[in-house]
Structure formats: structure tokens, C-alpha cells
Amino acid sequence: MASNTSATRELLLGDEAVALGAIHGGISGAFAYPGTPATEIFEFVEAFKDWPVAARWSTNEKVAFETALGMSYAGKRALVSMKHVGLNVAADAFVNSGITGVNGGLVLAVADDPGMHSSQNEQDSRFFASFALVPCLEPADQQEAYDFTRAALDISERLALPVMLRLVTRLSHSRAVVETRESRAQNPLRPSEGRQWILLPSNARIGYRRLIEKQEEVQAALRELRCWRRYGPAKGRLGIIASGIAWNYLREEIPDEAALPPTLRVTGYPLAEEEMEKFLASVEEVLVLEEGYPLIEDRLRGFPARGRMKVHGRYDGTVPRTGELSPDSVHASLHRTGHPVREPEGPLAPRPPALCAGCAHGTMYEAMKSVLKDHAHARSFADIGCYTLGALPPYEAIHSCVDMGASISMAIGAARAGLHPAVAVIGDSTFMHSGMTPLVDAVLEDTPITVVILDNSTVGMTGGQHTAATGPDLVRVVRGLGVPEAHLRVVNPLPKERDAISKVLAEEIAHRGVSVIIAQRICIQEAKRRARDEKKGGE
Ligand code: SF4
């Protein structure tokens, strides 16, 4: 952990480099909801004690973004971080923040998960930035993660716009030495005076026009940051456009800079028309290497030079249409274009995920299977968390997992279609994130669903972060939402309790109205962490 304000060298994860860049860039607060691969950004800020930075997990990503926006409104700099699908939850606030603009610098660090290592899709956040007309920086390595975060705070404050910093799993979760710089002081309190924060239609129209007019300034700021850099000879048959981390994979394949064909390295969006047009005019074919969806390939269609050339990338199959890039896939893509390449190494064996041995979720799934097997149309709708692993053998106990909070909403829809029993399975943190609102719907209409809340006192899947309500607090929240006392049951999911839990489940399924069963038992990994911390504290 950095402990002084002068320049140092630190070995940091990409996520930690973002966090330290933001701290040194003068943030007064950091807000987030846990989600792999972004979790470590907030954790680093939370653990930072050298000077005060407000840091608290939010109940969901929308709350996190709005809290950061409020801090920016007050004139201070803020960092908000989340995983890519979290941005769907925060989208309302994010898109509107482009129209209100910001006061203190506001950076959204969003970590995408191409290849879906621990996510339900591999959506590309650069499209969200483009949609919101907000600048987006895409660092290629840990040093740029640090430098760009600081630069993004400056650009944000200068242009009065939020700035997105787009990361991907391999950058977030790999370490490299980062050279840090002297810290910048935090901003004083200076609340915004402008009326642009009131998004009445008359103000919003002005704000939207202002946002469009600012796009030239955005391009100038990105140009200053050298977001579109040329390498290799001025002309050639094959040109390469490599963005973000794809640049690193390209350099693994062609380590000698002098051996690169004409190459355009992209680290900022929206793309600069002038640089793109000049580059395309200098080559006969172009290979686009970008992590995620084919955003640059799509944008190339708008450039006149594109009409006379072959574009190789995700659309023509030169780069695999789905999944994460790797040094090997970049190698294969270069090979397909006829570019000379080195011999590739063999792939690593895949390692399928599984619930930890002895996890309480296993007991609940065993009980659910034993009860639901007697019902021909029984379906269990699950949510995002460790319990999703209940889809795999030996449990095979869940039938859906779509997005945060969807378990309860989908069970309601299925119940309204006449399906019975409809069981929703959700964790404590996910319930607080976005399970409460559909439960209110179920309560209002006394929909015949049974909601099983697996309360393990932590956000287990992302490594044990704070959960907004657990234990008696969670029971109070559920009671407060109007679940009838007779159908709010608490169980202890120990293996020896399995038959008793099955009985409770059978009773609540037989009840043709809403019921909630809360299974309270701490995550094994979290219990180990707490025991370790206690031991350390006692030494
Ligand atoms: S991390 Fe915790 S909740 Fe997740 S599978 Fe392991 S024991 Fe279960």
C-alpha cells in the first residue's frame, strides 16, 4: 500500500492501479457494488488509510453511481466502480449524467468480462460510453490504468463530463510494477450553482445540445493524451488497429517495435476521424484487434477509405466472433491474414467451477430437490451468486439465472402463467441489491411463490464483501416489506437439518400465496477469513 505522496514504484493489480490513480488524483470518495472483475478497485480504496477517502459499498450499482454523482455535484472528485453488467443497473443515472454534466471530476471504472469467466454475458461497456456520448479511456496495462485514471479525473473536471475507464478481466487481475506520482490535493467543497442538474425537459434539451457540442473538446482532450498512436512504417499491405489490452497481445507476438507493420494503437473513444482516415489511407487491408464486441470494426464502416479495403476482425472470422482474446488467438488471427508468426504454445486445461465442500447452499439444494421432485412442473428461478453453481451436478437444482434480482420477478411471471410450485433462490446481498422490489410486487398480489433467501452474511462469490443486511436485519427487512409472519420462516442449513428444512419447504410450497424462507449460515470461506482476522488481531 502506498503510504506517501511522492513518486514510488508499486506492484499492483490493474484494479489497484485504478484505485491508487484515483486516490492520487484527488478523489474524496469511492462507491461500488462488488462484482468480478471490478471488486478490488473499491477494496483498495477502502483499505487506504493514509488520508481520508469516503468509501462504502452501496446496495447496488445505481446507488453507487448516484452517490458519486452527488459528491461530484458538491464539487469533489469521485470514483465509482462496477462490473460490466452492473452498468445495466446504473444505466439510468449514467446516461443522464452526460446531460447534467459533472462538477467535481467523476470517473466510472467499469470492468468487462470477455469470455464470461464469472458473468452472464460479455457485453462491451465501450458501447455504453458511446451511447451516452461520454469519453472512454481503455488502458492496455497497469501503468496506463494508473495514469489514465488520474487523467480521466482531470478531463472530467475540465470538460464537466463523466469519463468512463474501461478495463477487462486480464488487466484487472494481473500485476505489474507501476510508477506513481505525487498526489493531488482533494477539492474543497464547492456545490454546483447550475440549473443543468434539474432535468426538466427544457433544461434537458439544452444539456443534450451542450453534450453534442462538447464532442470536439472531447476529441481534443483524447488527442492530448495520445489516445491514437501510430507505430511501424508509414505504408504497407496489412495495417493493424489494436485497442486496449489487445495491444499487449500484439506486442507478445511482435515484441520488436521495429518489426510491427503499420499499426494504430487505440486507447480512447470516440475514435478520431482524422487519425482513422489517415491510417486507413496508408494500408490495403486492416486487421482489427479489440477485446469485446466489434466496436471499432463497426465504426470503420463510416470512413470513406473503408470502401476499398478488406477489414479483418470478428465479422469475417479472422478473430473469433465470441470470447476473450489471448496471445494465442491474436497469433492465429495474424496467421490468417498471411502475416508471419511464431509457433503457439498449447492451451491450458479448463477448470470447471463448483460450490466449496460443505457450503450451506448444498444442503438447501438437496432439500429443494427432495421436495420438488414430486411436482411435475416445479421450477426454481435462481439469481447471481455462488448458488448459481447449483445448476451443475450433483445438484442440478435450478432452472434459470438471468440477472441480478430476476429470480423473484421470473418466479412471479411463471406463477401468473399458472406454474406451481415456482421457487425463487436468491442471496442476501443480491436480495438487497434488486430482490426487494419484485418481492413487494409478490406481496401486493400475494402471488403464490416461495422465495428462498440464502443468507451467508457476505458477498461470497466475489471474495467476501460487506452485505447490506444479514441475520436479524435481513429478517426485519423482509418482514417490513409485508411478508406475512406465518410464512416468513428462518432455517439453519446444516446437513443434519435437511429433513426439517424439507418439511418447511413442503409446507410453504403448499401455501398458495407468497412465502419466504431465509436460510442463515455463514459462508465457509468468510468464516475462515474472519477467524484468520481475529487471530491476527489477537497477536
Ligand atoms: S464461497 Fe462461500 S457461498 Fe460460495 S461456494 Fe464457497 S462456501 Fe459457498
Side-chain angles (χ1 to χ4, degrees), residues 32-40 42-43 57 59 83 85-86 113 116-120 169 172-173 350-369 380-401 403-408 423-435 451-471 473-475 490-498 501 505 516-534:
Y33 182 81
T36 308
T39 308
E40 291 85 353
F42 178 88
E43 286 182 330
W57 289 114
T59 42
K83 69 182 292 178
V85 287
D113 188 17
M116 302 183 233
H117 295 284
S118 43
S119 308
Q120 60 273 41
T169 308
S172 290
H173 285 173
R351 202 177 48 180
L355 287 178
C356 301
C359 174
H361 301 342
T363 306
M364 288 306 291
Y365 283 138
E366 281 168 8
M368 278 169 56
K369 273 190 94 168
S380 45
F381 301 87
D383 231 289
I384 310 289
C386 284
Y387 39 91
T388 310
L389 300 172
L392 305 173
Y395 305 110
E396 294 171 311
I398 62 167
H399 303 102
S400 80
C401 169
D403 60 62
M404 295 285 279
S407 58
I408 300 178
V423 178
V425 182
I426 188 166
D428 47 327
S429 181
T430 312
F431 177 73
M432 294 303 293
H433 176 285
S434 45
V451 178
V452 178
I453 305 179
L454 301 171
D455 176 8
N456 61 4
S457 299
T458 190
V459 189
M461 196 171 216
T462 48
Q465 290 76 30
H466 169 84
T467 180
T470 178
D473 287 345
L474 182 61
V475 175
V490 177
V491 299
N492 182 358
L494 285 167
K496 64 177 185 185
E497 297 291 325
R498 211 199 77 174
I501 294 168
L505 262 166
V516 174
I517 300 169
I518 303 180
Q520 290 176 338
R521 193 173 140 216
I522 192 167
C523 157
I524 292 171
Q525 303 302 339
E526 178 64 10
K528 283 186 195 163
R529 273 188 294 270
R530 289 185 193 179
R532 260 198 314 268
D533 289 350
E534 229 166 76

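Ligands are counted one by one from 1 in listed order, and the atoms in each one are counted from 1 as well. Since the structure is predicted, the reported quantities are computational estimates derived from the model, not experimental observations.
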Practice item. Using side-chain contact (heavy atoms from CB on, under 4.5 Å) as the criterion, list what pairs up with Glu497, not counting sequence neighbours. Key: Leu494, Ala500, Ile501
Which atom pairs, one a donor and one an acceptor, fall under 3.5 Å between side chains of residues 385-392 and the rest of the protein, sequence neighbours left out?
residue : atom : partner : partner atom : Å
Tyr387  : OH   : Ile384  : O            : 2.7
Tyr387  : OH   : Gly427  : N            : 3.0
Tyr387  : OH   : Thr430  : OG1          : 3.0
Thr388  : OG1  : Asp383  : O            : 2.8
Thr388  : OG1  : Gly385  : N            : 3.3
Thr388  : OG1  : Gly385  : O            : 2.8

**Study point:** Partners passing salt bridge (charged side-chain N to carboxylate O under 4.0 Å, His left out) against Glu526 (at least two apart in sequence or in another chain)
**Key:** Arg529, Arg530
Exercise for review: Could you pull out the N/O/S protein atoms under 2.8 Å of atom 8 (Fe) of ligand 1, ignoring any water?
Suggested key: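 Within the sphere that stays under 2.8 Å of atom 8 (Fe) of ligand 1, the protein atoms of type N, O or S are Cys359 SG.
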Check your understanding: Which distance, rounded to the nearest 0.5 Å, do you find between the OG1 of Thr467 and the CG of Asp428?
Key -> 4.0 Å
**Study point:** Test side-chain contact (heavy atoms from CB on, under 4.5 Å) applied to Asp113 and Thr36, step by step
**Key:** CA-CA 8 Å; Asp113 188 17; Thr36 308; 5.9 Å; no
Check your understanding: In terms of side-chain heavy atoms, does Ser380 have a donor or acceptor partner in Tyr365 at a distance below 3.5 Å?
Key -> no
